[in-house]
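Structure first, then comments.
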Amino acid sequence: MKRKLQNITSKLWSLAALLVILIAWQGVSMAGLVPGYMLPSPVDVIKAFISEFPLLMENAKVTLMEAFIGLGCGVALGFLMAVIMDRFDRLYKALYPLIVVTQTVPTVAIAPLLVLWFGYEMLPKVILIVIVTFFPITVGLLTGFRSADRDMMNLLRSMGAGRLQIFRYIKLPGAMGQFFSSLRISASYAVVGAVISEWLGGFNGLGVYMTRVKKAFSFDKMFAVIFLISAISLILMKLVDMLQKRCMSWEQKK
Amino acid sequence: MAELIVSNVSKSFDGKKIIEDVSIEIHDRELVSLLGVSGGGKTTLFNVISGLILPDAGQVFLDGKEITGQPGKVSYMLQKDLLLPYRTVEDNVALPLLIAGMNKKEARKKVQPYFEEFGLSGTQKKYPAQLSGGMRQRAALLRTYMFSDKLALLDEPFSALDTLTKGAMHKWYLDVMGQIHLSTIFITHDIDEAVLLSDRIYILGGKPGRIVDEIRITEPKPRRKDFNLTGEFLEYKKRILEKIGNPEA
């Protein structure tokens, strides 16, 4: 009970900070310190959000679809890589540096290439999202697998457990915490990745919408879509948290 | 029936001999302690018996069959309880049965009757983190027992507990052992504990570690309540201290 109360008060502080920023922003706009076409006031942004709501939702659906498919494939690929690299040490040594290198390539640099290779449809977007999301998953799971307690593994071996059983009873559940931390990062990368790939070519989606309103200098709509993207990322991260609580119920009992 | 024979086992690591020509035997329902200073090769011998490492020389026999270097025959319990934090106590205890291929429902059912015997009633659905150190060690012992109800290897199982809990655990342990028929190898560096619990004590001493003495504790079981305060107890202790030598030498 006390913990819950503390939780609420700590949230109140960040809410208060947000409110102060919004009020200051509104004040700046109303006082005319910055011209309205350059920086729309929060109220303008809310108005734009409401008037554009159906269009935003339509585009969000496309973006979310890409994000989910990409994230799903990315997680599957990341999981597979982690399992194989944990099992075969030589593969770990061979592939780990390469995987790190894939992450140093800027997303905006490869997105146009993917568009050239795979067209304007969903495929290049999904591929881009897979590239950005599998990495945290692989690294997180690998760290989890590799930090499995030696004594526990030996104990299970002494009970006659094989490699698969050790994986199932020790390595996999032990890596769950790391997996969910990675999934939280990957989920937000997925949304951002989808938007970036839409910027560089596509027919609909929040990224496409964004480039359109930018070209029309509708900054109020621009801000509306930015907030929507943030909100989507936050909701996805929250969903991951809830999933984690469900899957790791033992953490609640401490 | 469980009889374990360790015959002339030697093992080196990186060219350094850890144990040399160690032979011990454990008869049915016997509790045999292996007493020695830390770093004296107790755990090496332990790993040889559990089959996790191969000795350079010598063999291990369980009920007449050679099991040298074969894990899956003898299980053990350590100072760390090694309970899996994400499994309930009953699922931890049932783990050896699951590994052996039993299905979950059956395994859970099979472990139930032992919870009371081991003083663990009501902990079935709890997670290890919700139990005290002593209770966790009980659960760990029950898990070992579910693996084999014949022979168990215990490596300093109570040494991480505080003195009072340890005393209570000794009493509990003797009680439980009065009910079940388990042959036990008990590794410890605690002389009082060894004299209090064992039927026989092997002293592992020197570098590399060898069996320097074998002492039979003739005090009948169940032991008197204040056995550890008697003159005989001190005599045993004195003899062991002389044999074990100076660990710093």
Side-chain angles (χ1 to χ4, degrees), chain A residues 1-3 79 82-83 86-87 89 137 140-184 240-254, chain B residues 43 46-53 60 67 69-89 91-102 104 107 123 125-131 140-141 143-148 151-157 160:
Chain A
M1 188 63 208
K2 198 176 165 197
R3 223 170 112 190
F79 186 85
V83 171
D86 179 61
R87 170 68 183 80
D89 200 51
I137 300 284
L141 277 175
L142 266 176
T143 314
F145 291 162
R146 299 195 138 225
S147 61
D149 191 320
R150 288 224 143 277
D151 289 333
M152 271 189 192
M153 292 198 283
N154 274 339
L155 178 72
L156 258 71
R157 275 177 57 210
S158 85
M159 293 175 176
R163 222 186 269 279
L164 208 66
Q165 285 174 318
I166 287 180
F167 180 77
R168 179 175 161 200
Y169 292 123
I170 297 182
K171 288 195 169 183
L172 188 60
M176 272 314 184
Q178 239 113 8
F179 171 75
F180 279 108
S181 312
S182 307
L183 186 62
R184 198 170 302 122
V240 172
D241 279 347
M242 280 157 70
L243 192 67
Q244 177 171 22
K245 271 186 189 150
R246 265 192 82 105
C247 294
M248 298 177 65
S249 53
W250 66 88
E251 289 286 331
Q252 316 293 309
K253 298 274 173 79
K254 273 180 187 164
Chain B
T43 301
F46 181 92
N47 285 333
V48 168
I49 295 172
S50 59
L52 291 174
I53 59 175
V60 184
I67 58 159
Q70 291 178 28
K73 306 287 185 210
V74 180
S75 186
Y76 58 82
M77 169 183 168
L78 303 181
Q79 177 187 116
K80 287 198 282 177
D81 57 68
L82 298 181
L83 296 170
L84 304 176
Y86 35 79
R87 296 177 81 85
T88 57
V89 174
D91 286 349
N92 263 294
V93 166
L95 201 57
L97 304 175
L98 296 177
I99 288 171
M102 196 183 273
K104 202 168 181 175
T123 61
K125 302 282 175 204
K126 291 195 171 160
Y127 286 97
Q130 295 171 283
L131 301 188
L141 183 68
R143 178 181 55 189
T144 311
Y145 183 66
M146 292 322 296
F147 175 77
S148 159
L151 181 77
L153 244 73
L154 312 184
D155 188 356
E156 307 196 356

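Computed from a predicted structure; not experimentally measured. All values below were derived from every heavy atom in this structure, side-chain atoms included, with hydrogens, water molecules and symmetry-related copies excluded. Here is the naming used below: chain letters follow the sequence lines, and residue numbers restart at 1 for every chain.
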Between the OG1 atom in B:T144 and the CE atom in A:M159, the distance rounded to the nearest 0.5 Å is 6.0 Å
To the nearest 0.5 Å, atom OH of B:Y76 lies from atom CG of A:D151 at 6.5 Å
Should we say atom CZ of A:R168 is surrounded by more than 12 heavy atoms from elsewhere, each under 6.0 Å from it? no
Interatomic distance, CG@B:L52 vs CG@A:L155, rounded to 0.5 Å, equals 9.0 Å
The interface call for A:D149 against chain B, heavy-atom contacts under 4.5 Å, is side chain
The interface call for B:L98 against chain A, heavy-atom contacts under 4.5 Å, is both
Nearest heavy-atom contact between A:M152 and B:P85 is CE-CD, 4.2 Å
Q.
Check whether B:Y86 reaches the backbone of A:Y169 with its side chain - one donor and one acceptor, N or O, closer than 3.5 Å.
A. yes
Distance col, row A:S158:OG vs B:I49:CD1, nearest 0.5 angstrom, shows 12.5 Å
Bottom line for B:K80: the part with an atom under 4.5 Å from chain A's heavy atoms is side chain
CG (A:N154) and CD1 (B:I53) are apart, to the nearest 0.5 Å, by 10.0 Å
